[in-house]
Undergrad: 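My questions all concern the structure below.
Residue numbers start from 1 in every chain, and the chains themselves are labelled A, B, ... in the order their sequence lines are given, proteins ahead of strands.
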Protein chains: 2
Amino acid sequence: MPPRTKPLRKDAQRNRDLLVTTARELFAARGLDVSLDEIARTAGVSSGTLYNHFPDRADLVEAVFADRVATVAEIAEHALAIADPWAGLVHFLERVCELQAADRGYNDLVSRRLPQAPPTEDHARGYELMVRIIDRARESGALRDDVTLEDMAFVTWGTARTVEATAGVRPQAWRRHLALMLDGLRATAARPLPEPPLRPEELADIMRACS
Amino acid sequence: MPPRTKPLRKDAQRNRDLLVTTARELFAARGLDVSLDEIARTAGVSSGTLYNHFPDRADLVEAVFADRVATVAEIAEHALAIADPWAGLVHFLERVCELQAADRGYNDLVSRRLPQAPPTEDHARGYELMVRIIDRARESGALRDDVTLEDMAFVTWGTARTVEATAGVRPQAWRRHLALMLDGLRATAARPLPEPPLRPEELADIMRACS
DNA sequence: CAATAAGTTGACCGTACTCTCAACTTATTT
DNA sequence: AAATAAGTTGAGAGTACGGTCAACTTATTG
(Lines give C-alpha, C1' and ligand atoms only; values in the text may rest on other atoms or scores of the structure.)
Protein backbone atom coordinates (compact mmCIF):
# COMPACT_ATOMS: atom_id res chain seq x y z
CA MET A 1 0.00 0.00 0.00
CA PRO A 2 1.29 3.48 -0.82
CA PRO A 3 2.00 5.66 2.20
CA ARG A 4 -0.86 7.95 3.13
CA THR A 5 1.33 10.97 3.61
CA LYS A 6 1.94 13.42 0.81
CA PRO A 7 5.04 12.41 -1.13
CA LEU A 8 8.27 14.17 -0.33
CA ARG A 9 9.75 16.73 -2.63
CA LYS A 10 12.20 14.94 -4.84
CA ASP A 11 15.36 16.49 -3.39
CA ALA A 12 14.05 15.72 0.06
CA GLN A 13 13.46 12.12 -0.92
CA ARG A 14 16.95 11.93 -2.35
CA ASN A 15 18.47 13.31 0.85
CA ARG A 16 16.42 10.97 2.96
CA ASP A 17 17.55 7.96 0.97
CA LEU A 18 21.11 9.18 1.10
CA LEU A 19 20.93 9.48 4.85
CA VAL A 20 19.49 6.03 5.26
CA THR A 21 22.04 4.32 3.06
CA THR A 22 24.89 6.26 4.61
CA ALA A 23 23.67 5.41 8.08
CA ARG A 24 23.28 1.78 7.06
CA GLU A 25 26.90 1.63 5.97
CA LEU A 26 28.26 3.41 9.00
CA PHE A 27 26.14 1.38 11.40
CA ALA A 28 27.22 -1.84 9.71
CA ALA A 29 30.86 -0.93 9.97
CA ARG A 30 31.04 0.68 13.38
CA GLY A 31 27.89 -0.14 15.29
CA LEU A 32 24.90 1.86 16.40
CA ASP A 33 26.85 4.52 18.27
CA VAL A 34 28.08 6.49 15.29
CA SER A 35 27.35 10.14 15.87
CA LEU A 36 24.44 11.59 13.96
CA ASP A 37 26.53 14.56 12.91
CA GLU A 38 29.02 12.25 11.29
CA ILE A 39 26.29 10.46 9.40
CA ALA A 40 24.98 13.78 8.09
CA ARG A 41 28.48 14.92 7.17
CA THR A 42 29.27 11.67 5.38
CA ALA A 43 25.99 11.84 3.52
CA GLY A 44 26.86 15.36 2.45
CA VAL A 45 23.93 17.10 4.08
CA SER A 46 23.71 19.32 7.10
CA SER A 47 22.83 18.04 10.51
CA GLY A 48 19.63 20.07 10.38
CA THR A 49 18.44 18.00 7.45
CA LEU A 50 19.08 14.81 9.31
CA TYR A 51 17.09 16.00 12.30
CA ASN A 52 14.39 17.20 10.00
CA HIS A 53 13.88 13.72 8.60
CA PHE A 54 14.67 11.79 11.75
CA PRO A 55 13.91 13.76 14.92
CA ASP A 56 15.29 11.01 17.08
CA ARG A 57 18.16 8.59 16.69
CA ALA A 58 15.67 5.78 17.08
CA ASP A 59 13.79 7.02 14.02
CA LEU A 60 16.88 6.69 11.90
CA VAL A 61 17.71 3.28 13.29
CA GLU A 62 14.19 2.18 12.58
CA ALA A 63 14.37 3.41 9.00
CA VAL A 64 17.71 1.70 8.45
CA PHE A 65 16.60 -1.66 9.79
CA ALA A 66 12.96 -1.52 8.80
CA ASP A 67 13.41 -4.34 6.33
CA ARG A 68 15.10 -6.67 8.76
CA VAL A 69 11.91 -7.91 10.33
CA ALA A 70 10.72 -9.00 6.92
CA THR A 71 14.11 -10.55 6.21
CA VAL A 72 13.89 -12.63 9.36
CA ALA A 73 10.39 -13.68 8.42
CA GLU A 74 11.70 -14.80 5.04
CA ILE A 75 14.45 -16.77 6.68
CA ALA A 76 11.83 -18.40 8.84
CA GLU A 77 9.85 -19.32 5.76
CA HIS A 78 12.88 -20.91 4.17
CA ALA A 79 13.50 -22.78 7.39
CA LEU A 80 9.99 -24.19 7.37
CA ALA A 81 10.45 -25.30 3.79
CA ILE A 82 13.16 -27.66 4.94
CA ALA A 83 11.74 -31.11 5.44
CA ASP A 84 13.69 -32.04 8.53
CA PRO A 85 12.40 -29.99 11.48
CA TRP A 86 15.71 -29.94 13.30
CA ALA A 87 17.58 -28.90 10.19
CA GLY A 88 15.01 -26.17 9.76
CA LEU A 89 15.65 -24.81 13.22
CA VAL A 90 19.39 -24.94 12.72
CA HIS A 91 19.04 -23.18 9.40
CA PHE A 92 16.96 -20.44 10.93
CA LEU A 93 19.34 -19.77 13.78
CA GLU A 94 22.39 -19.90 11.57
CA ARG A 95 20.96 -17.46 9.09
CA VAL A 96 19.87 -15.03 11.75
CA CYS A 97 23.29 -15.17 13.37
CA GLU A 98 24.85 -14.58 9.99
CA LEU A 99 22.86 -11.38 9.74
CA GLN A 100 24.28 -10.34 13.08
CA ALA A 101 27.80 -11.25 12.11
CA ALA A 102 27.57 -9.31 8.87
CA ASP A 103 26.38 -6.06 10.39
CA ARG A 104 27.65 -4.55 13.59
CA GLY A 105 24.67 -2.27 13.73
CA TYR A 106 22.20 -5.10 13.54
CA ASN A 107 24.23 -6.99 16.07
CA ASP A 108 23.93 -4.04 18.42
CA LEU A 109 20.25 -3.82 17.69
CA VAL A 110 19.42 -7.37 18.71
CA SER A 111 21.72 -7.03 21.70
CA ARG A 112 20.82 -3.78 23.26
CA ARG A 113 17.30 -2.87 23.77
CA LEU A 114 16.76 0.17 21.69
CA PRO A 115 14.07 1.86 19.78
CA GLN A 116 10.98 -0.26 19.95
CA ALA A 117 9.67 0.02 16.48
CA PRO A 118 5.90 -0.11 16.54
CA PRO A 119 4.84 -3.75 16.05
CA THR A 120 4.10 -4.28 12.39
CA GLU A 121 2.37 -7.07 10.53
CA ASP A 122 5.72 -8.50 9.47
CA HIS A 123 6.45 -8.79 13.13
CA ALA A 124 3.38 -10.90 13.72
CA ARG A 125 4.12 -13.02 10.68
CA GLY A 126 7.67 -13.64 11.80
CA TYR A 127 6.49 -14.53 15.25
CA GLU A 128 4.00 -17.07 13.94
CA LEU A 129 6.61 -18.65 11.73
CA MET A 130 9.11 -18.88 14.55
CA VAL A 131 6.58 -20.52 16.79
CA ARG A 132 6.02 -23.09 14.09
CA ILE A 133 9.73 -23.71 13.65
CA ILE A 134 10.09 -24.39 17.35
CA ASP A 135 6.92 -26.45 17.73
CA ARG A 136 7.72 -28.55 14.73
CA ALA A 137 11.25 -29.25 15.93
CA ARG A 138 10.02 -30.11 19.40
CA GLU A 139 7.24 -32.37 18.16
CA SER A 140 9.68 -34.20 15.92
CA GLY A 141 11.55 -35.17 19.04
CA ALA A 142 14.79 -33.51 17.99
CA LEU A 143 14.42 -30.34 20.07
CA ARG A 144 14.22 -30.81 23.82
CA ASP A 145 10.68 -30.41 25.04
CA ASP A 146 11.47 -28.06 27.90
CA VAL A 147 12.59 -25.15 25.76
CA THR A 148 10.42 -22.41 24.36
CA LEU A 149 10.68 -19.83 21.66
CA GLU A 150 11.83 -17.36 24.28
CA ASP A 151 14.90 -19.50 24.92
CA MET A 152 16.08 -18.62 21.43
CA ALA A 153 16.86 -15.19 22.82
CA PHE A 154 19.74 -16.79 24.68
CA VAL A 155 21.11 -17.96 21.37
CA THR A 156 20.80 -14.53 19.84
CA TRP A 157 22.21 -12.67 22.81
CA GLY A 158 25.03 -15.09 23.29
CA THR A 159 26.25 -15.10 19.74
CA ALA A 160 25.80 -11.34 19.57
CA ARG A 161 28.37 -10.96 22.29
CA THR A 162 30.70 -13.51 20.74
CA VAL A 163 30.42 -11.84 17.37
CA GLU A 164 31.35 -8.55 18.97
CA ALA A 165 34.31 -9.99 20.79
CA THR A 166 35.75 -12.10 18.02
CA ALA A 167 34.99 -10.05 14.93
CA GLY A 168 38.52 -8.73 14.66
CA VAL A 169 40.36 -11.95 15.31
CA ARG A 170 38.19 -14.84 14.14
CA PRO A 171 35.03 -13.68 12.42
CA GLN A 172 33.60 -17.18 12.26
CA ALA A 173 34.11 -18.07 15.90
CA TRP A 174 30.43 -17.51 16.61
CA ARG A 175 29.67 -20.63 14.59
CA ARG A 176 31.41 -22.68 17.21
CA HIS A 177 29.52 -20.94 19.98
CA LEU A 178 26.28 -21.53 18.15
CA ALA A 179 27.10 -25.18 17.53
CA LEU A 180 27.72 -25.76 21.22
CA MET A 181 24.46 -24.06 22.03
CA LEU A 182 22.62 -26.14 19.46
CA ASP A 183 24.01 -29.32 20.93
CA GLY A 184 22.55 -28.16 24.21
CA LEU A 185 19.16 -27.71 22.60
CA ARG A 186 18.92 -31.28 21.38
CA ALA A 187 16.45 -33.53 23.12
CA THR A 188 19.19 -36.08 23.66
CA ALA A 189 21.16 -33.56 25.69
CA ALA A 190 18.31 -32.57 27.96
CA ARG A 191 18.82 -32.38 31.69
CA PRO A 192 16.41 -30.59 33.96
CA LEU A 193 16.68 -26.82 33.66
CA PRO A 194 17.09 -24.74 36.80
CA GLU A 195 14.84 -21.83 35.94
CA PRO A 196 11.48 -21.50 34.21
CA PRO A 197 11.56 -20.10 30.69
CA LEU A 198 11.03 -16.41 30.10
CA ARG A 199 7.38 -15.68 29.63
CA PRO A 200 6.53 -14.00 26.33
CA GLU A 201 5.59 -10.76 28.11
CA GLU A 202 8.86 -10.78 29.99
CA LEU A 203 10.80 -11.04 26.77
CA ALA A 204 8.64 -8.31 25.27
CA ASP A 205 9.42 -6.12 28.27
CA ILE A 206 13.12 -6.72 27.77
CA MET A 207 12.93 -5.87 24.10
CA ARG A 208 10.90 -2.76 24.77
CA ALA A 209 12.92 -1.49 27.69
CA CYS A 210 15.01 1.54 26.84
CA SER A 211 17.96 2.61 28.91
CA MET B 1 55.17 -8.27 50.20
CA PRO B 2 54.86 -4.58 51.07
CA PRO B 3 54.80 -2.24 48.08
CA ARG B 4 58.13 -0.72 47.23
CA THR B 5 56.80 2.79 46.87
CA LYS B 6 56.84 5.20 49.76
CA PRO B 7 53.57 4.95 51.69
CA LEU B 8 50.90 7.51 51.03
CA ARG B 9 50.14 10.26 53.44
CA LYS B 10 47.32 9.06 55.63
CA ASP B 11 44.67 11.43 54.27
CA ALA B 12 45.72 10.49 50.76
CA GLN B 13 45.35 6.83 51.59
CA ARG B 14 41.94 7.50 53.05
CA ASN B 15 40.82 9.34 49.93
CA ARG B 16 42.19 6.66 47.70
CA ASP B 17 40.31 3.96 49.57
CA LEU B 18 37.19 6.06 49.54
CA LEU B 19 37.43 6.48 45.80
CA VAL B 20 37.91 2.78 45.22
CA THR B 21 35.01 1.70 47.38
CA THR B 22 32.76 4.38 45.95
CA ALA B 23 33.70 3.40 42.44
CA ARG B 24 33.12 -0.23 43.30
CA GLU B 25 29.59 0.52 44.42
CA LEU B 26 28.74 2.72 41.48
CA PHE B 27 30.25 0.32 38.98
CA ALA B 28 28.36 -2.56 40.53
CA ALA B 29 25.08 -0.73 40.36
CA ARG B 30 25.33 1.02 37.02
CA GLY B 31 28.15 -0.49 35.02
CA LEU B 32 31.57 0.68 33.97
CA ASP B 33 30.38 3.85 32.26
CA VAL B 34 29.72 5.92 35.34
CA SER B 35 31.38 9.29 34.95
CA LEU B 36 34.56 9.83 36.88
CA ASP B 37 33.35 13.18 38.12
CA GLU B 38 30.32 11.53 39.65
CA ILE B 39 32.51 9.01 41.40
CA ALA B 40 34.63 11.80 42.84
CA ARG B 41 31.57 13.78 43.86
CA THR B 42 29.96 10.78 45.51
CA ALA B 43 33.17 9.99 47.32
CA GLY B 44 33.24 13.55 48.57
CA VAL B 45 36.52 14.54 46.97
CA SER B 46 37.32 16.75 44.05
CA SER B 47 37.83 15.44 40.58
CA GLY B 48 41.43 16.58 40.73
CA THR B 49 42.06 14.16 43.55
CA LEU B 50 40.60 11.33 41.57
CA TYR B 51 42.82 12.07 38.61
CA ASN B 52 45.76 12.45 40.91
CA HIS B 53 45.33 8.90 42.16
CA PHE B 54 44.06 7.37 38.93
CA PRO B 55 45.30 9.21 35.84
CA ASP B 56 43.24 7.01 33.57
CA ARG B 57 39.83 5.41 33.91
CA ALA B 58 41.50 2.08 33.36
CA ASP B 59 43.65 2.64 36.42
CA LEU B 60 40.57 3.04 38.57
CA VAL B 61 38.87 0.03 37.05
CA GLU B 62 41.97 -1.99 37.66
CA ALA B 63 42.13 -0.91 41.30
CA VAL B 64 38.46 -1.70 41.81
CA PHE B 65 38.65 -5.17 40.33
CA ALA B 66 42.20 -6.05 41.29
CA ASP B 67 41.00 -8.74 43.66
CA ARG B 68 38.75 -10.44 41.17
CA VAL B 69 41.50 -12.42 39.53
CA ALA B 70 42.35 -13.90 42.90
CA THR B 71 38.66 -14.52 43.57
CA VAL B 72 38.33 -16.47 40.36
CA ALA B 73 41.43 -18.45 41.26
CA GLU B 74 39.85 -19.30 44.60
CA ILE B 75 36.67 -20.40 42.91
CA ALA B 76 38.77 -22.60 40.67
CA GLU B 77 40.42 -24.12 43.72
CA HIS B 78 37.06 -24.89 45.26
CA ALA B 79 35.99 -26.43 41.99
CA LEU B 80 39.00 -28.71 41.94
CA ALA B 81 38.23 -29.77 45.48
CA ILE B 82 35.00 -31.31 44.27
CA ALA B 83 35.46 -34.98 43.64
CA ASP B 84 33.34 -35.26 40.53
CA PRO B 85 35.13 -33.54 37.65
CA TRP B 86 31.97 -32.54 35.84
CA ALA B 87 30.43 -31.14 39.00
CA GLY B 88 33.64 -29.21 39.52
CA LEU B 89 33.41 -27.61 36.10
CA VAL B 90 29.76 -26.75 36.62
CA HIS B 91 30.55 -25.27 40.00
CA PHE B 92 33.30 -23.15 38.55
CA LEU B 93 31.21 -21.74 35.73
CA GLU B 94 28.21 -21.14 37.95
CA ARG B 95 30.22 -19.24 40.50
CA VAL B 96 31.93 -17.11 37.90
CA CYS B 97 28.61 -16.27 36.30
CA GLU B 98 27.26 -15.42 39.73
CA LEU B 99 30.02 -12.87 40.07
CA GLN B 100 28.94 -11.37 36.78
CA ALA B 101 25.29 -11.35 37.74
CA ALA B 102 26.02 -9.68 41.06
CA ASP B 103 28.05 -6.80 39.65
CA ARG B 104 27.23 -4.89 36.52
CA GLY B 105 30.70 -3.47 36.46
CA TYR B 106 32.33 -6.86 36.51
CA ASN B 107 29.87 -8.05 33.93
CA ASP B 108 30.96 -5.18 31.70
CA LEU B 109 34.57 -5.97 32.41
CA VAL B 110 34.42 -9.57 31.25
CA SER B 111 32.30 -8.52 28.28
CA ARG B 112 34.02 -5.55 26.83
CA ARG B 113 37.66 -5.60 26.33
CA LEU B 114 39.00 -2.91 28.54
CA PRO B 115 42.07 -2.07 30.42
CA GLN B 116 44.46 -4.97 30.20
CA ALA B 117 45.78 -5.14 33.69
CA PRO B 118 49.38 -6.29 33.61
CA PRO B 119 49.41 -10.09 33.94
CA THR B 120 49.99 -10.91 37.56
CA GLU B 121 50.92 -14.13 39.31
CA ASP B 122 47.30 -14.66 40.35
CA HIS B 123 46.52 -14.63 36.67
CA ALA B 124 48.93 -17.45 36.01
CA ARG B 125 47.65 -19.40 38.98
CA GLY B 126 44.05 -19.01 37.85
CA TYR B 127 44.97 -20.08 34.38
CA GLU B 128 46.70 -23.23 35.58
CA LEU B 129 43.75 -24.15 37.76
CA MET B 130 41.29 -23.60 34.95
CA VAL B 131 43.30 -25.79 32.63
CA ARG B 132 43.15 -28.51 35.24
CA ILE B 133 39.40 -28.11 35.68
CA ILE B 134 38.89 -28.56 31.96
CA ASP B 135 41.39 -31.37 31.50
CA ARG B 136 40.05 -33.28 34.42
CA ALA B 137 36.46 -32.98 33.21
CA ARG B 138 37.45 -34.03 29.74
CA GLU B 139 39.50 -36.98 30.87
CA SER B 140 36.66 -38.17 33.05
CA GLY B 141 34.60 -38.49 29.91
CA ALA B 142 31.92 -36.06 31.03
CA LEU B 143 33.14 -33.05 29.07
CA ARG B 144 33.24 -33.42 25.30
CA ASP B 145 36.74 -33.92 24.07
CA ASP B 146 36.63 -31.35 21.30
CA VAL B 147 36.31 -28.33 23.56
CA THR B 148 39.13 -26.33 25.03
CA LEU B 149 39.56 -23.85 27.82
CA GLU B 150 39.11 -21.08 25.29
CA ASP B 151 35.59 -22.30 24.60
CA MET B 152 34.67 -21.25 28.12
CA ALA B 153 34.84 -17.69 26.86
CA PHE B 154 31.64 -18.41 24.95
CA VAL B 155 29.99 -19.27 28.23
CA THR B 156 31.20 -16.11 29.88
CA TRP B 157 30.37 -13.84 26.97
CA GLY B 158 26.99 -15.39 26.42
CA THR B 159 25.80 -15.20 29.97
CA ALA B 160 27.24 -11.70 30.27
CA ARG B 161 24.86 -10.57 27.59
CA THR B 162 21.94 -12.45 29.06
CA VAL B 163 22.64 -11.02 32.49
CA GLU B 164 22.61 -7.56 31.02
CA ALA B 165 19.38 -8.12 29.14
CA THR B 166 17.42 -9.84 31.84
CA ALA B 167 18.69 -8.17 35.01
CA GLY B 168 15.63 -5.97 35.33
CA VAL B 169 13.01 -8.58 34.59
CA ARG B 170 14.33 -11.97 35.63
CA PRO B 171 17.67 -11.74 37.38
CA GLN B 172 18.13 -15.51 37.40
CA ALA B 173 17.42 -16.11 33.74
CA TRP B 174 21.12 -16.53 33.03
CA ARG B 175 21.00 -19.80 34.95
CA ARG B 176 18.77 -21.22 32.27
CA HIS B 177 21.07 -19.95 29.55
CA LEU B 178 24.05 -21.45 31.34
CA ALA B 179 22.29 -24.77 31.85
CA LEU B 180 21.55 -25.04 28.14
CA MET B 181 25.15 -24.25 27.38
CA LEU B 182 26.37 -26.83 29.86
CA ASP B 183 24.18 -29.47 28.28
CA GLY B 184 25.91 -28.64 25.04
CA LEU B 185 29.29 -29.14 26.65
CA ARG B 186 28.57 -32.69 27.74
CA ALA B 187 30.35 -35.46 25.92
CA THR B 188 27.03 -37.19 25.31
CA ALA B 189 25.82 -34.14 23.37
CA ALA B 190 28.83 -33.88 21.13
CA ARG B 191 28.41 -33.44 17.41
CA PRO B 192 31.22 -32.27 15.18
CA LEU B 193 31.97 -28.58 15.62
CA PRO B 194 32.14 -26.37 12.55
CA GLU B 195 35.07 -24.20 13.50
CA PRO B 196 38.39 -24.83 15.23
CA PRO B 197 38.69 -23.57 18.79
CA LEU B 198 40.17 -20.19 19.49
CA ARG B 199 43.87 -20.47 19.96
CA PRO B 200 45.13 -19.19 23.32
CA GLU B 201 46.90 -16.27 21.66
CA GLU B 202 43.76 -15.34 19.79
CA LEU B 203 41.82 -15.18 23.00
CA ALA B 204 44.62 -13.17 24.59
CA ASP B 205 44.45 -10.76 21.67
CA ILE B 206 40.73 -10.37 22.18
CA MET B 207 41.13 -9.71 25.88
CA ARG B 208 43.91 -7.25 25.29
CA ALA B 209 42.27 -5.37 22.45
CA CYS B 210 41.12 -1.92 23.45
CA SER B 211 38.58 0.04 21.50
C1' DC C 1 6.74 33.18 -14.25
C1' DA C 2 5.46 34.54 -10.03
C1' DA C 3 3.85 32.86 -5.71
C1' DT C 4 4.00 29.69 -2.21
C1' DA C 5 5.03 25.78 0.10
C1' DA C 6 8.76 22.61 1.20
C1' DG C 7 13.24 21.77 2.49
C1' DT C 8 18.04 23.02 3.68
C1' DT C 9 21.67 25.25 5.95
C1' DG C 10 25.19 25.95 9.52
C1' DA C 11 25.96 28.66 13.22
C1' DC C 12 24.74 28.23 17.81
C1' DC C 13 22.92 26.67 22.47
C1' DG C 14 23.03 23.45 26.26
C1' DT C 15 24.86 19.47 28.23
C1' DA C 16 28.08 16.11 29.75
C1' DC C 17 32.32 14.35 30.05
C1' DT C 18 37.65 13.98 30.55
C1' DC C 19 41.45 16.07 32.15
C1' DT C 20 44.70 20.12 33.89
C1' DC C 21 46.81 23.41 36.92
C1' DA C 22 48.00 27.33 39.90
C1' DA C 23 46.64 28.43 44.36
C1' DC C 24 45.68 26.59 48.58
C1' DT C 25 45.62 23.26 52.67
C1' DT C 26 47.29 19.61 55.32
C1' DA C 27 50.47 16.12 57.09
C1' DT C 28 55.06 14.97 58.19
C1' DT C 29 59.80 15.89 59.35
C1' DT C 30 63.57 17.97 61.93
C1' DA D 1 57.00 25.40 65.65
C1' DA D 2 58.84 26.41 61.44
C1' DA D 3 60.07 24.28 57.06
C1' DT D 4 59.08 21.24 53.52
C1' DA D 5 57.01 17.89 51.09
C1' DA D 6 52.57 15.84 49.89
C1' DG D 7 48.01 16.25 48.61
C1' DT D 8 43.68 18.75 47.55
C1' DT D 9 40.80 21.95 45.40
C1' DG D 10 37.54 23.78 41.97
C1' DA D 11 37.29 26.64 38.27
C1' DG D 12 37.96 26.05 33.64
C1' DA D 13 39.97 24.43 29.09
C1' DG D 14 38.99 21.29 25.53
C1' DT D 15 36.02 18.09 23.22
C1' DA D 16 32.04 15.88 21.49
C1' DC D 17 27.47 15.25 21.18
C1' DG D 18 22.29 16.05 20.47
C1' DG D 19 19.28 19.23 19.12
C1' DT D 20 17.17 24.08 17.46
C1' DC D 21 16.06 27.79 14.40
C1' DA D 22 15.86 32.10 11.59
C1' DA D 23 17.53 33.01 7.24
C1' DC D 24 18.17 31.13 2.99
C1' DT D 25 17.44 28.07 -1.27
C1' DT D 26 14.89 25.10 -4.07
C1' DA D 27 10.98 22.58 -6.01
C1' DT D 28 6.28 22.66 -7.20
C1' DT D 29 1.90 24.63 -8.43
C1' DG D 30 -1.55 27.46 -10.91
Side-chain angles (χ1 to χ4, degrees), chain A residues 2-23 26-27 29-64 105 108-109 112-116 210-211, chain B residues 2-23 26-27 29-64 104-105 108-109 112 114-116 210-211:
Chain A
R4 309 220 31 139
T5 61
K6 177 191 281 196
L8 288 174
R9 228 169 71 175
K10 77 162 187 269
D11 58 339
Q13 184 64 52
R14 193 183 53 86
N15 282 339
R16 192 179 206 282
D17 294 346
L18 240 162
L19 282 166
V20 169
T21 62
T22 307
L26 287 177
F27 285 160
R30 312 224 309 268
L32 244 35
D33 285 335
V34 182
S35 93
L36 298 183
D37 274 0
E38 179 176 0
I39 292 170
R41 208 181 321 123
T42 308
V45 303
S46 79
S47 62
T49 299
L50 191 155
Y51 288 103
N52 177 37
H53 286 291
F54 309 100
D56 202 342
R57 171 181 230 103
D59 296 318
L60 180 57
V61 171
E62 191 187 325
V64 165
D108 283 358
L109 189 61
R112 316 177 197 176
R113 49 273 149 136
L114 238 186
Q116 184 57 352
C210 293
S211 166
Chain B
R4 307 226 27 150
T5 61
K6 176 190 282 194
L8 289 174
R9 229 169 69 175
K10 77 162 188 271
D11 59 337
Q13 184 62 53
R14 193 182 54 88
N15 282 339
R16 192 179 206 283
D17 294 346
L18 239 163
L19 281 166
V20 169
T21 62
T22 307
L26 287 177
F27 284 159
R30 311 223 310 268
L32 244 34
D33 286 334
V34 182
S35 93
L36 298 182
D37 273 1
E38 179 175 359
I39 292 170
R41 206 181 324 123
T42 308
V45 304
S46 80
S47 63
T49 298
L50 190 155
Y51 287 101
N52 177 39
H53 286 290
F54 309 100
D56 201 342
R57 171 180 229 104
D59 296 318
L60 179 57
V61 170
E62 191 187 324
V64 166
R104 249 188 94 171
D108 283 358
L109 188 61
R112 317 176 194 178
L114 239 183
Q116 184 56 355
C210 292
S211 165

Undergrad: Does a side-chain heavy-atom distance below 4.5 Å link A:Arg112 with A:Asp33?
TA: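 In short, these two side chains touch, coming nearer than 4.5 Å.
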Undergrad: Partners of B:Asp17 by salt bridge (charged side-chain N to carboxylate O under 4.0 Å, His left out), sequence neighbours excluded?
TA: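 B:Asp17 satisfies salt bridge (charged side-chain N to carboxylate O under 4.0 Å, His left out) with no other residue.
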Undergrad: Check the distance between C:dG10's P and A:Tyr51's OH and give it to me in whole angstrom.
TA: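 Computing the A:Tyr51:OH to C:dG10:P distance gives 16 Å.
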Undergrad: Does A:Val61 reach the side chain of A:Phe27, with side-chain heavy atoms less than 4.5 Å apart?
TA: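 The answer is yes; the side chains approach within 4.5 Å.
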Undergrad: Does A:Thr42 have any side-chain contact (heavy atoms from CB on, under 4.5 Å) partners at least two apart in sequence or in another chain, and if so, which?
TA: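 side-chain contact (heavy atoms from CB on, under 4.5 Å) check on A:Thr42 returns A:Thr22, A:Leu26, A:Glu38.
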Undergrad: Once you round to the nearest 0.5 Å, how far does CG of B:Leu19 lie from CZ of B:Arg14?
TA: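 Reported value, rounded in 0.5 Å steps: 10.0 Å.
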Undergrad: Distance check needed: C:dT18 C1' versus B:Asp59 CG, whole Å only.
TA: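 The distance from CG of B:Asp59 to C1' of C:dT18 comes to 14 Å, rounded to the nearest Å.
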Undergrad: Quickly work out the B:Phe54 CZ to C:dT18 C1' distance and round it to whole Å.
TA: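 One finds 16 Å between C1' of C:dT18 and CZ of B:Phe54, rounded.
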Undergrad: Output the distance between atom CZ (B:Arg16) and atom OG1 (B:Thr21), rounded to the nearest 0.5 Å.
TA: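 Going from CZ on B:Arg16 over to OG1 on B:Thr21, the span is 12.0 Å.
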Undergrad: Which residues satisfy the side-chain hydrogen bond (donor to acceptor under 3.5 Å, both in side chains) test with B:Asp11, sequence neighbours excluded?
TA: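 Listed in chain order: B:Arg9.
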Undergrad: With the sugar-phosphate defined as primed atoms, P, OP1 and OP2, and the base as all remaining atoms, what B/S/- string results for nucleotides 12-17 of chain C, 5' to 3', for protein heavy atoms under 4.0 Å?
TA: -----S
Undergrad: Check side-chain contact (heavy atoms from CB on, under 4.5 Å) between A:Asp37 and all other residues, then give those that pass, not counting sequence neighbours.
TA: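 Testing A:Asp37 for side-chain contact (heavy atoms from CB on, under 4.5 Å), a comparison that skips the adjacent residues, returns A:Ser35, A:Arg41, A:Ser47, A:Tyr51.
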Undergrad: Which comes earlier along DNA chain C counting from the 5' end, the contact point of A:Arg9 or that of A:Thr49, where each point is its nearest nucleotide?
TA: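 The residue mapped nearer the 5' terminus is A:Arg9.
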Undergrad: Contact class for A:Asn52 (heavy atom, under 4.0 Å): base, sugar-phosphate, or nothing?
TA: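 Since a base atom lies under 4.0 Å of A:Asn52, the category is base.
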Undergrad: Using chain B heavy atoms and a threshold of under 4.0 Å, write down where along DNA chain D the contacts begin and end, 5' to 3'.
TA: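 Contact span on the strand: D:dA5 to D:dA11.
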